[in-house]
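Accompanying notes for the structure given below.
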Amino acid sequence: MSFLNAEEPTACDLIADFGINILWHPSLGLELGTNLQNMLWDCISGKIPLDILVFEGSVINAPNGTGEWNRFADRPMKDWLNDLSKVANFVVAVGDCATWGGIPAMSPNPSESQGLQFLKRQKGGFLGKDFHSGSGLPVINIPGCPAHPDWITQILVAIATGRIADISLDELHRPETFFKSFTQTGCTRNVHFAYKASTAEFGQRKGCLFYDLGCRGPMTHSSCNRILWNRVSSKTRAGMPCIGCTEPEFPFHDLKPGTVFKTQTVMGVPKELPTGVNKKDYALLTMVAKDSIPAWAEEDFFTV
């Protein structure tokens, strides 16, 4: 559903401008029942060329490795995935569940869920650490809960136009063009972060969300504040903390009340600090920032 909200390019642009033939999609596919099964078998046999396999959702292996808990088109979904991935020129995992297993893979993981090529941060996953598609590339991971729609369509365009080789993948197989920088990059609250001007309420337009509300923007790799959602806003711009949904550890903590939207601290110092910052430097920075905070940093600069 996130994919259908893409704007640059749109899902329609993929078809009209870039010649992508969408064989099947849960909301767009016309085939049902036997017709769908026949089409999938034709892909596996090579009768229908499968250039790009885009997979969403965790790979469910339960019970006991059979995958019977998640059946699709008269077979365990994992069996379709195993067969289709062998004939696809490119394999793209969309969303946290497909990339690292997501929420279903949280301990104790009763559904035996995995991502396509990772289980959380451990490489391997359902297809194995050595898997490469027909193009020679590993699974291309586009994480997020949900993944930004333009991340998806822009990677599909890069593949369709033969430019995917120009896009570097990080150690987690994420396209660096979207995931090299942090969510904090482009955040309108960076000035509040610098002066440790905090906010303790959702929806407020002033104050940093990191110090009290558990915002993970400084530690999360994403371009959510560079490539805005709906080209308009982002979680932090709307006054909600980033929950780190593009990282393999998502969801963080134990999801008990008081652990998600609350910064976990020890003697006033957050347990998790921005990447590259040590506790000693943080304590010194905080003391200086609090003493030098200007009055305007506490004002609502959106006031008309």
Side-chain angles (χ1 to χ4, degrees), residues 3 20 23-25 40-62 64-73 75-105 109 111-145 147 151-152 154-160 162-180 221 246-250:
F3 163 73
I20 291 180
L23 293 175
W24 194 81
H25 176 280
L40 295 174
W41 284 117
D42 284 345
C43 289
I44 293 170
S45 69
K47 185 176 180 180
I48 297 178
L50 182 58
D51 296 309
I52 312 171
L53 171 64
V54 181
F55 188 80
E56 179 190 20
S58 57
V59 185
I60 296 175
N61 294 288
N64 303 316
T66 64
E68 289 290 342
W69 284 7
N70 182 26
R71 291 181 61 83
F72 175 77
R75 300 176 77 198
M77 175 67 86
K78 76 184 192 76
D79 291 348
W80 286 117
L81 176 60
N82 182 61
D83 290 337
L84 290 169
S85 64
K86 292 177 180 177
V87 298
N89 285 329
F90 297 88
V91 178
V92 180
V94 169
D96 270 17
C97 290
T99 51
W100 352 102
I103 292 176
N109 194 1
S111 59
E112 302 172 30
S113 290
Q114 297 174 293
L116 267 66
Q117 206 162 17
F118 285 84
L119 176 57
K120 299 305 181 181
R121 198 169 286 270
Q122 180 181 354
K123 191 172 182 179
F126 175 71
L127 296 177
K129 64 180 181 179
D130 296 323
F131 171 82
H132 289 79
S133 62
S135 65
L137 288 175
V139 175
I140 300 170
N141 285 331
I142 306 179
C145 196
W151 298 343
I152 303 170
Q154 287 182 28
I155 288 300
L156 294 180
V157 166
I159 294 174
R163 294 184 296 108
I164 192 63
D166 297 332
I167 297 178
S168 300
L169 303 180
D170 66 13
E171 71 278 5
L172 297 172
H173 300 179
R174 298 175 298 194
E176 288 192 335
T177 185
F178 303 129
F179 299 102
K180 189 174 180 64
H221 294 85
T246 57
E247 297 293 336
E249 292 78 14
F250 173 80

task = Find the distance between CG (L81) and CG (L84) and round it off to the nearest 0.5 Å.
result = 7.5 Å
Salt bridge (Lys or Arg N to Asp or Glu O under 4.0 Å) partners for E68, two or more places apart = R71
message = Checking A93 now: which residues fulfil side-chain contact (heavy atoms from CB on, under 4.5 Å) with it, not counting sequence neighbours?
response = A98, T99, L116, V139, N141
ask   = Are K78 and F126 close enough, and set up right, to give a side chain to side chain contact (heavy atoms under 4.5 Å, CB included), and what steps lead you there?
value = CA-CA 8 Å; K78 76 184 192 76; F126 175 71; 3.8 Å; yes
query = Between G57 and C97, which heavy-atom pair has the shortest distance, and what is it?
reply = C-CB, 3.6 Å
ask   = Passes ring pair (Phe, Tyr, Trp, His ring centres under 6.0 Å), W24 versus F72? Steps please.
value = CA-CA 13 Å; W24 194 81; F72 175 77; 5.4 Å; yes
query = Hey, is CD on E176 packed in by over 12 heavy atoms from elsewhere, all under 6.0 Å?
reply = yes
request  = For residues 125-140, pull every pair meeting side chain to side chain donor-acceptor pair (under 3.5 Å), keeping only residues two or more places apart or in separate chains.
outcome  = S133-S135
message = Is there a side-chain contact between F118 and P248 in this structure, where contact means two heavy atoms from C-beta onward sitting under 4.5 Å apart?
response = no
message = The test is side chain to side chain contact (heavy atoms under 4.5 Å, CB included); show your working for D96 and I103 and say whether it passes.
response = CA-CA 8 Å; D96 270 17; I103 292 176; over 6 Å; no
remark   = Residues passing the side-chain contact (heavy atoms from CB on, under 4.5 Å) test with A88, sequence neighbours excluded, are L50, L53, V91
inquiry  = Does any part of the side chain of I60, heavy atoms only, come nearer than 4.5 Å to the side chain of P104, both counted from C-beta?
reply    = no
query = Counting only N and O atoms by type, is there a donor-acceptor contact under 3.5 Å from the side chain of N61 to the main-chain atoms of E112?
reply = yes
request  = Output, in order, the C-alpha distance, side-chain angles, deciding distance and verdict of salt bridge (charged side-chain N to carboxylate O under 4.0 Å, His left out) for E249 and K120.
outcome  = CA-CA 6 Å; E249 292 78 14; K120 299 305 181 181; over 6 Å; no
message = Give me the atom names and distance for the closest heavy-atom approach of P138 to H173.
response = CB-CE1, 3.4 Å
query = Step by step, would you call W80 with L40 a side chain to side chain contact (heavy atoms under 4.5 Å, CB included)?
reply = CA-CA 8 Å; W80 286 117; L40 295 174; 3.5 Å; yes
request  = Working to the nearest 0.5 Å, report the span between CD1 of I159 and CD1 of I140.
outcome  = 4.0 Å
ask   = Taking only residues two or more places apart in sequence or in another chain, which ones pass ring-ring contact (aromatic ring centres under 6.0 Å, His included) with F3?
value = H25
inquiry  = Among residues at least two apart in sequence or on other chains, which ones pass ring-ring contact (aromatic ring centres under 6.0 Å, His included) with F179?
reply    = W151
inquiry  = Please give me the minimum heavy-atom distance between I52 and V92, naming the atom from each residue.
reply    = CG2-CG2, 4.0 Å
ask   = Is there any salt bridge (Lys or Arg N to Asp or Glu O under 4.0 Å) pair reaching into residues 162-175, and which pairs are they, with sequence neighbours excluded?
value = D170-R174, R174-E247
query = Please, which pairs that meet salt bridge (Lys or Arg N to Asp or Glu O under 4.0 Å) have at least one residue in residues 79-91, sequence neighbours excluded?
reply = R75-D83
query = What heavy-atom pair brings G144 and T246 nearest, and what distance separates the two atoms?
reply = CA-CG2, 4.0 Å
key: Working for side chain to side chain contact (heavy atoms under 4.5 Å, CB included), residues F178 and I142   = CA-CA 9 Å; F178 303 129; I142 306 179; 5.8 Å; no
ask   = If you look at every heavy atom in C43 and L23, which pair is closest and at what distance?
value = SG-CD1, 3.9 Å
request  = Using the test side-chain hydrogen bond (donor to acceptor under 3.5 Å, both in side chains), find all partners of N70 that sit at least two apart in sequence or belong to another chain.
outcome  = none
key: Gap between atom CG of L156 and atom CD1 of I164 - 0.5 Å precision   = 9.0 Å
inquiry  = Suppose we screen for side-chain contact (heavy atoms from CB on, under 4.5 Å). Which residues come up paired with N109, at least two apart in sequence or across chains?
reply    = A105, S111, S113
With sequence neighbours excluded, residues passing side-chain contact (heavy atoms from CB on, under 4.5 Å) with E56 = none
query = Any side-chain heavy atom of F90 within less than 4.5 Å of one from L137?
reply = yes
request  = With sequence neighbours left out, write down each residue that passes ring-ring contact (aromatic ring centres under 6.0 Å, His included) with W69, or none if nothing qualifies.
outcome  = none
task = Write down the atom of G101, the atom of S58, and the distance for their closest heavy-atom approach.
result = O-CB, 3.7 Å
message = Under a 3.5 Å distance rule, please check whether Q117 uses its side chain to pair with a backbone N or O of K123 as donor and acceptor.
response = no
